[in-house]
**Q** 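Can you keep this structure in mind? I'll have questions shortly.
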There are 2 protein chains.
Amino acid sequence: MNFYELIRRRESVRDYDPNKTIDDTVLNRILNAGRLAPSASNMQPWIFLLVSSKEKLEKVRACYKKSWFQQAPHILIIIGDTTKSWIRSYDGYNSIETDLTIAMDHIILAAEYENIGTCWVEAYDLKILSDAISLKENEVVFSITPLGYQNKGYQKLGKKKRKPLEEIIKII
Amino acid sequence: MNFYELIRRRESVRDYDPNKTIDDTVLNRILNAGRLAPSASNMQPWIFLLVSSKEKLEKVRACYKKSWFQQAPHILIIIGDTTKSWIRSYDGYNSIETDLTIAMDHIILAAEYENIGTCWVEAYDLKILSDAISLKENEVVFSITPLGYQNKGYQKLGKKKRKPLEEIIKII
């Protein structure tokens, strides 16, 4: 599967088999894709927090009430440390959100490559999530994703609704 | 080339052939990879600004003085419109930086797939960049990249300096 097929195939999965966990070998390959991601000044200011235990899953799931989110056997949270990320000298811009997003994109595309479903989730209650994972003051989260196999019979849409290229490209 | 090979191979290119521009067909495939990127609530709050003319390149290049950046025949800037991106109801978080970063990551990986060099650049002078492209008040930029073929004889490093997986994974 080439890169263009991969990104065409990836879409949000909202139906997970709760009983089918992911093998460590496969999980490692997926997380390693995040590890290899670039970050500003190569600071790698991240922790990949994989939530897999029944007890912790219960706590984390409370941050986002959708029923399909409750089914996923794993939830991945990328935690950033704002004291370890790069800061632009001109204006103090901190690269943390961009850094974490690149790593998450690598992970989500790697999961697709492994036939594992994901869904970019940002609509969580950050207060509930922070409490569930005991986020420290200097730590931040910008997106999380379930990781799991699709339920039998679940069909992807197989097409994307996107603006046409002419509408979003400007050449100067 | 599979996805894992692609991300292992991608690295910042800092030596471009100034005379070898990229064909429109190839550019379209690369930019289309950004078009297909997911964004919060599918808002697609972006413009892909491709700088290719001599006059505009000169203005934009002033935002980042490195000599290799002056050589690249194209510079891609993803512009976000903060009034068009998704906002989280709980706390007012605006997804714009995450949205733009996913699109840029897709574009950079697609370029690698096409054997075209890129480099995530965030260390620009935002004031100079904003003036060069007449950025409006509601518009933002978080990263830009040169797009171009490597100069003959340029060798990639071929290895990445990254923290070991054990150091960045936490399983709970």
**Q** For the interface with chain B, which of A:Ser41, A:Ser89, A:Ala37 has the highest count of heavy-atom pairs at distances below 4.5 Å?
**A**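 Highest number of pairs under 4.5 Å: A:Ala37.
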
**Q** Looking at side-chain heavy atoms only, is the closest gap between A:Ile144 and A:Tyr124 below 4.5 Å?
**A**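 Yes, their side chains come closer than 4.5 Å.
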
**Q** Given that the side chain runs from C-beta out, which part of B:Lys56 has a heavy atom under 4.5 Å from chain A: side chain, backbone, both or neither?
**A**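 Side chain only.
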
**Q** Does any backbone or side-chain atom of B:Tyr90 lie under 4.5 Å from a heavy atom of chain A? Answer side chain, backbone, both or neither.
**A**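 Just its side chain gets close to chain A.
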
**Q** Any idea which of B:Leu126, B:Leu165, B:Ile47, B:Ile133 has the most non-hydrogen atom pairs under 4.5 angstrom with chain A?
**A**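 Looking at each of B:Leu126, B:Leu165, B:Ile47, B:Ile133 in turn, B:Leu165 comes out on top.
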
**Q** Relative to chain A, which segment of B:Lys161 carries a heavy atom at a distance below 4.5 Å: side chain, backbone, both, or neither?
**A**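 The answer is both parts of B:Lys161.
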
**Q** Between B:Tyr93 and A:Phe142, what is the ring plane arrangement, given parallel below 30°, perpendicular above 60°, and tilted in between?
**A**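 Judged by the thresholds at 30° and 60°, the geometry between B:Tyr93 and A:Phe142 is tilted.
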
**Q** Group every Ile, Leu, Val, Met, Phe, Trp and Tyr by side-chain heavy-atom contacts under 4.5 Å, then state whether B:Leu36 and B:Leu100 land in the same group.
**A**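 Both belong to a single hydrophobic cluster.
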
**Q** Which residues in residues 112-121 of chain A have a heavy atom less than 4.5 Å from any heavy atom of chain B?
**A**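 So the qualifying residues are A:Tyr113, A:Glu114, A:Trp120.
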
**Q** If I measure from the heavy atoms of chain A, does B:Asn2 come under 4.5 Å with its side chain, its backbone, both, or neither?
**A**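 Both backbone and side chain of B:Asn2 come within 4.5 Å of chain A.
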
**Q** Against chain A, label B:Phe3 side chain, backbone, both or neither, depending on which of its atoms sit under 4.5 Å from a heavy atom there.
**A**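 Both backbone and side chain of B:Phe3 come within 4.5 Å of chain A.
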
**Q** At a heavy-atom distance under 4.5 Å, which candidate from B:Ser52, B:Ala33, B:Ala40, B:Pro38 has the highest pair count against chain A?
**A**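 It is B:Pro38.
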
**Q** Walk me through it: do B:Thr25 and B:Asp23 pass the test side chain to side chain donor-acceptor pair (under 3.5 Å)?
**A** CA-CA 5 Å; B:Thr25 327; B:Asp23 280 352; 5.4 Å; no

**Q** Chain A heavy atoms under 4.5 Å from B:Arg88: which part of the residue, side chain, backbone, both or neither?
**A**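 The side chain, not the backbone.
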
**Q** Could you tell me whether B:Asn138 atom CG has more than 12 heavy atoms of other residues or ligands within 6.0 Å of it?
**A**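 More than 12 heavy atoms, drawn from other residues, nucleotides or ligands, come within 6.0 Å of this atom.
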
**Q** Write down the atom of B:Tyr16, the atom of B:Pro146, and the distance for their closest heavy-atom approach.
**A**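 Result for this residue pair: OH-CG, 3.4 Å.
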
**Q** For the candidates A:Thr98, A:Ile7, A:Asn28, which exhibits the highest count of non-hydrogen atom pairs separated by less than 4.5 Å from chain B?
**A**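 Answer, by heavy-atom pair count under 4.5 Å with chain B: A:Thr98.
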
**Q** Among the options A:Ile168, A:Asp91, A:Ile171, pick out the one with the most heavy-atom pairs lying under 4.5 Å from chain B.
**A**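 Most pairs with chain B among the choices: A:Ile168.
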
**Q** Identify which part of B:Glu55 has an atom lying under 4.5 Å from any heavy atom of chain A, answering side chain, backbone, both or neither.
**A**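 When you check distances to chain A, no heavy atom of B:Glu55 falls under 4.5 Å.
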
**Q** Applying the 4.5 Å side-chain criterion to the ILVMFWY set and letting contacts propagate, would B:Leu57 and B:Leu49 be lumped into a single cluster?
**A**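 Yes.
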
**Q** Under 4.5 Å from any heavy atom of chain B, what part of A:Leu6 do you find: side chain, backbone, both or neither?
**A**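 Side chain only.
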
**Q** Which atoms of B:Asn32 come close to chain A, meaning under 4.5 Å heavy atom to heavy atom: side chain ones, backbone ones, both, or neither?
**A**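 When you check distances to chain A, atoms from both the backbone and side chain of B:Asn32 fall under 4.5 Å.
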
**Q** Heavy-atom pairs under 4.5 Å with chain B: which of A:Val60, A:Leu27, A:Ile169 has the most?
**A**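 If we count pairs closer than 4.5 Å to chain B, A:Ile169 comes out on top.
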
**Q** Are side-chain heavy atoms of B:Val140 and B:Ile96 found at a separation under 4.5 Å?
**A**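 Touching, per the 4.5 Å side-chain cut-off.
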
**Q** Residues of residues 64-75 of chain A under 4.5 Å from chain B (heavy atom pairs)?
**A**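 Those residues of residues 64-75 of chain A which would need a heavy atom under 4.5 Å from chain B do not exist here.
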
**Q** Tell me, side chain or backbone of A:Ser95 under 4.5 Å from chain B's heavy atoms, or both, or neither?
**A**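 Both parts, backbone and side chain.
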
**Q** Other residues, nucleotides and ligands only: do more than 12 of their heavy atoms fall within 6.0 Å of NZ on A:Lys163?
**A**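 Atom NZ in A:Lys163 is packed in, count exceeds 12.
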
**Q** Side chains of A:Thr82 and A:Asn94, heavy atoms from C-beta outward: is any pair under 4.5 Å?
**A**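 Yes, at least one pair of side-chain atoms sits under 4.5 Å.
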
**Q** Around atom CD of B:Glu167, are there more than 12 heavy atoms of other residues, nucleotides or ligands at under 6.0 Å?
**A**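 Enclosed.
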
**Q** Check whether B:Arg29 gets within reach of chain A through its side chain, its backbone, both or neither, counting any heavy atom under 4.5 Å.
**A**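 Answer is both: backbone and side chain atoms of B:Arg29 are under 4.5 Å from chain A.
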
**Q** Looking at chain A, which one of B:His106, B:Arg10, B:Met1 has the largest number of heavy-atom pairs inside 4.5 Å, strictly under?
**A**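 Top count of heavy-atom pairs under 4.5 Å with chain A: B:His106.
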
**Q** Should we say atom NZ of B:Lys160 is surrounded by more than 12 heavy atoms from elsewhere, each under 6.0 Å from it?
**A**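 Count over threshold, so yes.
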
**Q** In terms of heavy-atom proximity below 4.5 Å to chain A, should B:Ile30 be classed as side chain, backbone, both, or neither?
**A**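 Both parts, backbone and side chain.
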
**Q** Do other residues, nucleotides or ligands put more than 12 heavy atoms under 6.0 Å from B:Glu5 CD?
**A**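 Atom CD in B:Glu5 is crowded, with more than 12 foreign heavy atoms closer than 6.0 Å.
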
**Q** What's the separation between atom OG in A:Ser143 and atom CE in A:Met104, rounded to the nearest 0.5 Å?
**A**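 Answer rounded to 0.5 Å: 4.0 Å.
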
**Q** Hydrophobic cluster membership, with links at side-chain heavy-atom distances under 4.5 Å among I/L/V/M/F/W/Y: are B:Leu147 and B:Tyr149 in one?
**A**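 Same cluster.
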
**Q** Without swapping roles, check the side chain of A:Asp99 against the backbone of A:Ser39 for a donor-acceptor pair under 3.5 Å.
**A**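 Checked: no pair found.
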
**Q** What option among A:Ile108, A:Leu109, A:Ile79 has the most heavy-atom pairs under 4.5 Å with chain B?
**A**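 Going by pairs under 4.5 Å, I would pick A:Leu109.
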
**Q** For A:Glu139 and A:Lys136, run salt bridge (charged side-chain N to carboxylate O under 4.0 Å, His left out): C-alpha distance rounded to whole Å, both residues' side-chain angles, the deciding distance at 0.1 Å, then the answer.
**A** CA-CA 5 Å; A:Glu139 290 178 336; A:Lys136 299 192 195 95; 3.8 Å; yes

**Q** Is the backbone N or O of A:Tyr154 less than 3.5 Å from a side-chain atom of A:Asn151, with the two atoms forming a donor-acceptor pair by type?
**A**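 No; zero donor-acceptor contacts below 3.5 Å.
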
**Q** Using a strict threshold of under 4.0 Å (side-chain N to carboxylate O), is an ion pair present between B:Asp17 and B:Lys20?
**A**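 Salt bridge: no.
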
